[in-house]
Amino acid sequence: MALRLDPGTRLVAATHNPGKARELAVLLGGRFDVVSAAALGLADPEEPETTFAGNAMVKARAAADASGLIALADDSGLCVTALGGAPGVHSARWAGPTRDFAHAMSLVERRLADSQDDDLSAAFVCALAVAWPRGPVVVAEGRVEGALTFPPRGIRGFGYDPIFIPLGGAQSFGEMDPVAKDAVSHRARAFAMLEAALV
Ligand code: ITT
């Protein structure tokens with residue numbers, strides 16, 4: 001089987017996160033026939049792994065096998081240097097069952113204060129995996145370095161975007177135009193690597 005994605009291929013975007021789904025749709029650029037996990041009624045699988053790549057592969061595998069379609073999954077998060085890489089693969093969990101990111105961002109601020117470390121460096125990491133039904137899976141990881149800022153700035157984007165300023169930038173991801181975020185984001189970098197691996 002050729003590990004390539006021909007234009008027009010039917011794909012399931014295996015995420016239940018609307019912010020990610022929006023960004024993935026832009027990256028896929030209308031080149032594929034994309035159906036959402038929600039539209040297919042796919043379950044939100046457990047994320048048992050300790051790495052972004054491991055979890056992305058689990059999510060893609062589950063969606064591909066359940067739907068019979070090629071699946072694209074994303075596992076991502078914010079890694080804070082002074083917190084030993086937390087929240088990392090637990091980034092969604094820090095927002096609790098109601099996905100309250102105002103709470104998650106203040107938790108990051110409190111944990112930083114507790115650490116008494118003034119290092120504000122952090123990175124967003126994204127692993128994207130493509131799985132073929134009962135077939136192979138390909139994964140790629142992208143990363144963007146930056147620094148945290150408090151209080152949160154901006155209302156664009158999603159999740160932890162308002163507290164993250166990419167290296168060399170002046171605006172937080174929450175303030176940046178979505179096109180500008182896409183030009184440097186962990187998700188866009190993972191996507192470029194995935195495309196390179198698939199053609
Ligand atoms: P799916 O598993 O259904 O894709 P999820 O939100 O549970 O959705 P993750 O387990 O990968 O996905 O959680 C990653 C969290 O990290 C996500 O909920 C965001 O809050 C945060 N995150 C990832 N990428 C981000 C980005 O580009 N901007 C802001 N926050 C981001």
Side-chain angles (χ1 to χ4, degrees), residues 11-27 34 36-64 66-67 71-80 83 85-108 122-131 139 141-146 148-149 152-166 169 171-191:
L11 283 186
V12 54
T15 177
H16 291 80
N17 179 322
K20 282 184 186 181
R22 214 167 41 235
E23 292 189 5
L24 288 175
V26 172
L27 292 169
V34 182
S36 71
L40 296 177
L42 296 182
D44 202 355
E46 291 296 315
E47 298 176 19
E49 304 291 330
T50 54
T51 63
F52 294 108
N55 281 327
M57 289 192 284
V58 165
K59 290 190 238 185
R61 167 94 283 125
S67 66
L72 170 67
D74 170 313
D75 198 68
S76 46
L78 178 70
C79 301
V80 179
L83 302 183
V89 292
H90 303 303
S91 292
R93 215 169 295 167
W94 277 34
T98 60
R99 293 288 186 263
D100 179 350
F101 282 95
H103 167 77
M105 291 187 284
S106 70
L107 193 54
V108 172
F124 266 125
V125 180
C126 173
L128 291 176
V130 173
V139 67
E141 195 169 283
R143 183 180 175 95
V144 55
E145 303 290 341
L148 298 178
T149 182
R153 287 166 39 180
I155 53 163
R156 291 173 135 164
F158 66 99
Y160 297 90
D161 279 342
I163 58 168
F164 183 84
I165 300 177
Q171 292 185 314
S172 76
F173 270 177
E175 295 172 311
M176 281 164 75
D177 185 280
V179 175
K181 178 184 173 187
D182 266 356
V184 297
S185 84
H186 48 316
R187 188 158 291 105
R189 288 177 179 169
F191 194 79

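Read the numbers this way: they start at 1 and go in the same order the structure lists the ligands and their atoms. Note that the structure is a prediction, hence the values are computed from the model and not measured.
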TODO: Just go through Tyr160, Trp94, Phe164, Phe158 and tell me whose heavy atom is the nearest to atom 25 (C) of ligand 1.
DONE: Phe158
Open item on the list: Within the 4.0 Å heavy-atom shell around Lys59, which atoms of ligand 1 are there?
Closed with: 1 (P), 2 (O), 4 (O), 9 (P), 10 (O), 11 (O), 12 (O)
- [ ] Side-chain contact test, heavy atoms from C-beta onward, threshold under 4.5 Å: evaluate it for Pro87 versus Val80 and give yes or no.
- [x] yes
Open item on the list: A side-chain contact here means heavy atoms from C-beta on lying under 4.5 Å apart; do Lys181 and Glu23 qualify?
Closed with: yes
TODO: Please could you name the atoms of ligand 1 that Asp74 approaches to less than 4.0 Å, counting only its heavy atoms?
DONE: 4 (O), 11 (O)
- [ ] Check for a donor-acceptor pair, side chain of Lys20 on one end and backbone N or O of Thr15 on the other, with a separation under 3.5 Å.
- [x] no
Task: Ligand-side contact atoms (ligand 1) for residue partner His186, heavy atom cut-off under 4.0 Å - done: 24 (N), 25 (C), 26 (C), 27 (O)
Task: Protein contact of atom 6 (O) of ligand 1 - nearest heavy atom, named by residue and atom, plus distance - done: Asn17 ND2, 3.0 Å
- [ ] Report yes or no: does Gly77 have a heavy atom closer than 4.0 Å to ligand 1?
- [x] yes
Open item on the list: I need the minimum non-hydrogen distance between Ala123 and Arg143, along with the two atoms involved.
Closed with: CB-NH2, 3.6 Å
TODO: Considering heavy atoms of the protein only, find what lies nearest to atom 14 (C) of ligand 1 and give residue, atom and distance to 0.1 Å.
DONE: Ser76 O, 2.9 Å
- [ ] Taking all heavy atoms of Asp100 and all of Ala102, pick out the closest pair and write down the distance.
- [x] OD1-N, 3.2 Å
- [ ] Could you point out which residue of Ile165, Ile163, Val184 forms a side-chain contact (heavy atoms from CB on, under 4.5 Å) with Phe173?
- [x] Val184
Open item on the list: Does only the side chain of Phe124 get under 4.0 Å from ligand 1, or the backbone, or both, or neither? Count heavy atoms.
Closed with: side chain
- [ ] Look at atom 10 (O) of ligand 1 and say which protein heavy atom is nearest, naming residue and atom and giving the distance to 0.1 Å.
- [x] Glu47 OE1, 2.8 Å
Task: Residue, atom name and distance, where the atom is the protein heavy atom closest to atom 3 (O) of ligand 1 - done: His16 N, 2.7 Å
Open item on the list: I need the atoms of ligand 1 closer than 4.0 Å to a non-hydrogen atom of Asp75, numbered in the order shown.
Closed with: 9 (P), 10 (O), 11 (O)
TODO: Please test Phe124 against Asp161 for side-chain contact (heavy atoms from CB on, under 4.5 Å), starting from the C-alpha separation and ending with a verdict.
DONE: CA-CA 9 Å; Phe124 266 125; Asp161 279 342; 3.8 Å; yes
- [ ] Among all protein heavy atoms, pick the one closest to atom 16 (O) of ligand 1 and tell me residue, atom and distance.
- [x] Ser91 CB, 3.4 Å
Task: Close side-chain approach of Asp75 and Val58, heavy atoms under 4.5 Å - done: no
- [ ] Starting from atom 13 (O) of ligand 1, find the nearest protein heavy-atom neighbour and note its residue, name and distance.
- [x] Ala92 CB, 3.4 Å
- [ ] Considering the heavy atoms of Lys181, write down every atom of ligand 1 situated less than 4.0 Å from one of them.
- [x] 26 (C), 27 (O), 28 (N)
TODO: In sequence, state the C-alpha distance, the side-chain angles, and the governing distance for Val144 and His186, and then conclude on side-chain contact (heavy atoms from CB on, under 4.5 Å).
DONE: CA-CA 5 Å; Val144 55; His186 48 316; 3.9 Å; yes
Task: Which residue and heavy atom of the protein sit nearest atom 5 (P) of ligand 1, plus the separation - done: Lys20 NZ, 3.8 Å
Task: Heavy-atom side-chain proximity of Asp177 to Arg156 below 4.5 angstrom - done: yes
- [ ] Go through ligand 1 atom by atom and flag the ones less than 4.0 Å from a non-hydrogen atom of Thr15.
- [x] 1 (P), 3 (O), 4 (O), 8 (O)
Open item on the list: Heavy-atom pairs closer than 4.0 Å: do any link ligand 1 to the side chain of Phe101, the backbone, both, or neither?
Closed with: side chain
Task: Which atom of Phe164 lies closest to which atom of Thr149, heavy atoms considered - done: N-CG2, 4.5 Å
Task: Residue pair Gly159 / Pro162: nearest heavy atoms and the distance that separates them - done: O-CD, 3.5 Å
Open item on the list: Taking a cutoff of less than 4.0 Å between a non-hydrogen atom of the residue and any ligand atom, is Arg99 in contact with ligand 1?
Closed with: yes
TODO: Write out the residue and atom name of the closest protein heavy atom to atom 28 (N) of ligand 1, then the distance separating them to 0.1 Å.
DONE: Asp161 OD1, 2.6 Å
